[in-house]
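As structure tokens, the structure follows; a few thoughts come after it.
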Amino acid sequence: MKHITNIKDFFKFRKSITPNLKIGVVPTMGHLHKAHLSLINNARSQCDIVVTTIFVNEIQFNNKEDFLTYPQNIPSDIQLIENSKPSDCQTMDVIFTPSSLEMYPNINKMTKVMVEKIDNSIEGKSRPGHFTGVATVVSKLFNIIRPDIAYFGQKDAIQCILIKRLANEMNYPIDIVIGETMREFDGLAMSSRNSKLSKEERELSPFIYKVLKNIQTLFEQNPKISSRELITFGVNEFNKENRMKIEYISISNFNGEEVEFITDSAILSCAVFVGKTRLIDNIILKLE
Ligand code: PAF
């Protein structure tokens with residue numbers, strides 16, 4: 001395992017790589033869990049070199065406290081990556097952990113990357129500047145690492161749409177691979193943020209997936225039902241649990257645009273506050 005902590009050293013390493021080797025990248029903000037390790041193992045099965053980046057990206061947080069309290073533990077992440085490697089795996093693992101100062105030496109006057117329309121989606125409006133922050137850091141990581149394949153998790157559904165558009169519209173010669181959402185035994189989507197939940201909040205949180213599944217059942221029983229009716233049903237379900245504060249429920253197509261009716265399939269997603277922790281989740285609604 002190679003650990004690189006600055007951009008200059010990464011460029012040096014990148015130059016030393018034999019041209020026909022396949023490079024995968026798994027961008028993360030650290031505090032790794034099974035879903036990240038599953039992306040890393042998928043990358044290991046397809047690439048000669050897998051770069052896992054760990055960088056808590058300040059410019060994608062629209063809430064200072066959320067940024068300052070984001071869980072971080074790089075030594076433990078490195079251990080997890082090492083332990084997750086199958087014994088017969090020949091892939092080279094690289095960890096890239098640049099500092100904020102190096103990534104953003106001029107944070108208030110820097111070039112940013114904005115993917116048109118995403119900031120106007122319901123998810124974008126609920127977190128102003130978030131998706132521009134994601135697009136900017138992912139562009140920088142793509143430019144530094146120059147991978148052949150990049151791996152992201154479906155839990156961040158709009159982020160996946162954004163990154164596919166970014167790669168396509170900015171001509172990055174990179175395949176984007178999306179890994180399925182991984183869930184805890186009780187249905188809660190795996191997330192680094194789950195570690196911020198108190199015991200009581202953790203016990204409460206599987207309710208999010210339960211509501212999404214109830215909306216899915218209603219849709220499957222009434223495939224002609226409008227998105228508005230499905231969302232109203234979901235809001236009423238969430239309101240049964242007064243310890244949660246719902247931020248939004250949305251039903252959108254695979255371009256991230258909200259749809260009135262589901263003609264084939266759509267993404268049902270939501271963001272909910274459990275105490276101070278904002279959790280997101282989504283499932284695909286599909287006509288039988
Ligand atoms: O999904 C995440 O962890 C982050 O949004 C990402 C893609 C690493 C960019 O900071």
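Values below: every heavy atom of this structure, side chains too, minus hydrogens, waters and symmetry copies. Both ligands and their constituent atoms are indexed starting at 1 by order of listing.
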Seminar exercise, completed: The closest protein heavy-atom partner of atom 10 (O) of ligand 1 is Gln60 OE1, 2.6 Å
Exercise. Any chance the rings of Phe67 and Tyr70 have centres within less than 6.0 Å?
Worked result: no
For this session: Using the six-membered ring wherever Trp is involved, compare the ring planes of His33 and His36 and label them parallel, tilted or perpendicular (cut-offs 30° and 60°).
Result: tilted
For this session: Please answer: with hydrophobic residues joined when any side-chain heavy atoms are less than 4.5 Å apart, are Ile54 and Met92 in the same cluster?
Result: no
Exercise. Considering only heavy atoms of Val137, which atoms of ligand 1 have at least one such atom less than 4.0 Å away?
Worked result: 9 (C), 10 (O)
Exercise. Can Arg278 and Asp66 be counted as an ion pair, charged N to O under 4.0 angstrom?
Worked result: no
For this session: Give the numbers and elements of all ligand 1 atoms closer than 4.0 Å to a heavy atom of Gln159.
Result: 1 (O), 2 (C), 4 (C), 5 (O), 7 (C)
Exercise. Under a 4.5 Å side-chain heavy-atom rule over Ile, Leu, Val, Met, Phe, Trp and Tyr, are Ile144 and Val26 clustered together?
Worked result: no
Seminar exercise, completed: Note: ligand 1 atoms sitting under 4.0 Å from heavy atoms of Asn57 are 10 (O)
Exercise. Less than 3.5 Å between some nitrogen or oxygen of Thr28 and one of ligand 1, yes or no?
Worked result: no
